[in-house]
Amino acid sequence: MSKGLSEYRVFWGEFRRNFHTTGALAPSSRYLARALARFVRVDGSGNGRLGSGPRRILEVGPGTGAVTREIVRRLGPDDTLDLVELNATFVEMLRRRLEHDKSFAAVAPRVRIIHDRVESLPLAPTYDVIISGLPLNNFSRESVESILEALEALVKPGGTVSFFEYVAVRPMRRLVSGRKERDRLRDVGEALQSSLKREVRRDCVLANLPPAWVHHLRFGEKEA
Ligand SMILES: C[S@@+](CC[C@H](N)C(=O)[O-])C[C@H]1O[C@@H](n2cnc3c(N)ncnc32)[C@H](O)[C@@H]1O
């Protein structure tokens with residue numbers, strides 16, 4: 001089976017087994033991956049007040065590595081990449097890719113896979129760029145708030161956090177949902193709104209199934 005097909009097969013299997021945390025039918029398209037990785041620039045630009053030295057990058061929820069492939073392509077020679085992934089099947093697939101996939105293997109010594117929830121990482125300002133693929137619209141308000149707090153705590157002052165959500169996902173799901181689910185979706189929308197005050201750029205990616213918004217947030221100095 002070809003590499004691309006096996007990626008889809010694994011993703012589909014995990015979608016069926018773990019719908020809640022996988023949250024998508026298929027891996028992100030290359031166009032969505034490019035928009036998400038926008039701030040991982042080879043020349044280090046686009047990172048606000050951050051210098052041009054080696055950068056630490058975190059990808060949250062890499063799944064089969066569809067976005068990782070684009071991040072890896074843009075890594076500078078001294079940049080490092082941490083991948084935090086909850087699902088053991090995806091972790092195993094990422095390990096194999098780091099060993100056998102040519103473009104992944106080239107940067108493997110600078111990539112670390114962490115098999116855990118992002119909320120469990122030590123919460124210190126560590127990363128210049130964070131890219132999240134988490135299906136926030138599947139979670140409770142409390143989970144979304146604690147994930148957003150974790151992302152904010154993990155990003156360095158001047159760093160960026162990029163994440164996506166499918167276009168009109170909340171209004172569409174509200175149309176076909178009962179009261180409890182509608183309330184949950186409203187609460188998640190409210191939780192996201194406060195983070196979106198930090199938005200510095202928004203990309204619309206039509207070439208993805210379904211089309212998606214990519215939000216890019218920038219965080220300033222932290223309070224002592
Ligand atoms: C929508 S998929 C995105 C996969 C990939 N980034 C892509 O775009 O194709 C969401 C991923 O987040 C992972 N995930 C869900 N909750 C997580 C958490 N709290 N911490 C880390 N990973 C999580 C899932 O296992 C899954 O791999």
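Residue numbers start at 1 and run along the sequence shown. All ligand and atom numbering here is 1-based and tracks the order in the structure.
- Protein heavy atom nearest atom 13 (C) of ligand 1, with residue, atom name and distance: Glu85 OE2, 3.5 Å.
- His215 has its ring centre no less than 6.0 Å from the ring centre of Phe164.
- For ligand 1 and Val67, the ligand atoms under 4.0 Å from any heavy atom of the residue are 8 (O).
- Residue contacts with ligand 1 for Ala33 are absent, since no atom lies close enough (heavy atoms, distance under 4.0 Å).
- One distance of note links CG of Leu151 with CG of Leu58; it measures 8.0 Å at 0.5 Å rounding.
- Protein heavy atom in closest approach to atom 23 (C) of ligand 1: Leu134 CD2, 3.3 Å.
- Between the side chains of Arg173 and Asn137, no donor N or O sits under 3.5 Å from an acceptor N or O.
- Less than 6.0 angstrom separates the ring centroid of His20 from the ring centroid of Phe139.
- No single ILVMFWY cluster, assembled from side-chain heavy atoms under 4.5 Å apart, contains both Trp213 and Ile130.
- Classification of Asp82 and Arg56 as a salt-bridged pair holds, one side-chain N sitting under 4.0 Å from a carboxylate O.
- Close approach of ligand 1 to Pro27 is summarised as follows: ligand atoms under 4.0 Å from at least one heavy atom of the residue are 9 (O).
- Residue-level proximity to ligand 1 for Glu119 is carried by the side chain, the only part with a heavy atom below 4.0 angstrom.
- Taking every heavy atom of Val84 and a limit of under 4.0 angstrom, the matching atoms of ligand 1 come to 21 (C), 22 (N).
- Remark: the Thr22 side chain and the Glu14 side chain contain no N/O donor-acceptor pair separated by less than 3.5 Å.
- Annotation: atom 6 (N) of ligand 1 to nearest protein heavy atom, Gly61 O, 2.8 Å.
- The protein heavy atom nearest to atom 9 (O) of ligand 1 is Ser28 N, 2.9 Å.
- Counting heavy atoms closer than 4.0 Å to ligand 1, residue Asp116 contributes backbone atoms (N, CA, C, O) but none from C-beta onward.
- A salt bridge links Glu70 to Arg74: one of the charged nitrogens lies within less than 4.0 Å of a carboxylate oxygen.
- Scanning the protein for heavy atoms near atom 24 (C) of ligand 1, the closest one is Thr21 O, 3.3 Å.
- In terms of modelled atom types and a separation under 3.5 Å, the side chain of Thr160 and the main chain of Arg218 share no donor-acceptor contact.
- Listed by number with element, the atoms of ligand 1 under 4.0 Å from a non-hydrogen atom of Asn87 are 25 (O).
- Not a single heavy atom of Thr64 sits less than 4.0 Å from an atom of ligand 1.
- Residue Pro135 approaches ligand 1 through these ligand atoms, each under 4.0 Å from one of its heavy atoms: 10 (C).
- Protein heavy atom nearest atom 22 (N) of ligand 1, with residue, atom name and distance: Leu86 N, 3.5 Å.
- Between Asp128 and Arg55 no salt bridge is recorded (no basic side-chain N to carboxylate O distance below 4.0 Å).
- Closest to atom 20 (N) of ligand 1 among all protein heavy atoms lies Val118 N, 3.1 Å.
- For the residue pair Thr68/Glu59, the side-chain donor-acceptor check at 3.5 Å is satisfied.
- When only non-hydrogen protein atoms are considered, atom 3 (C) of ligand 1 lies nearest to Gly133 O, 3.4 Å.
- In this structure, Phe19 and Phe15 have perpendicular ring planes: the angle between them is above 60°, well past the 30° mark.
- Of the heavy atoms in Thr22, only backbone atoms (N, CA, C, O) come closer than 4.0 Å to ligand 1.
- Proximity of Leu32 to ligand 1, defined as any heavy-atom pair under 4.0 Å, is not found for any part of the residue.
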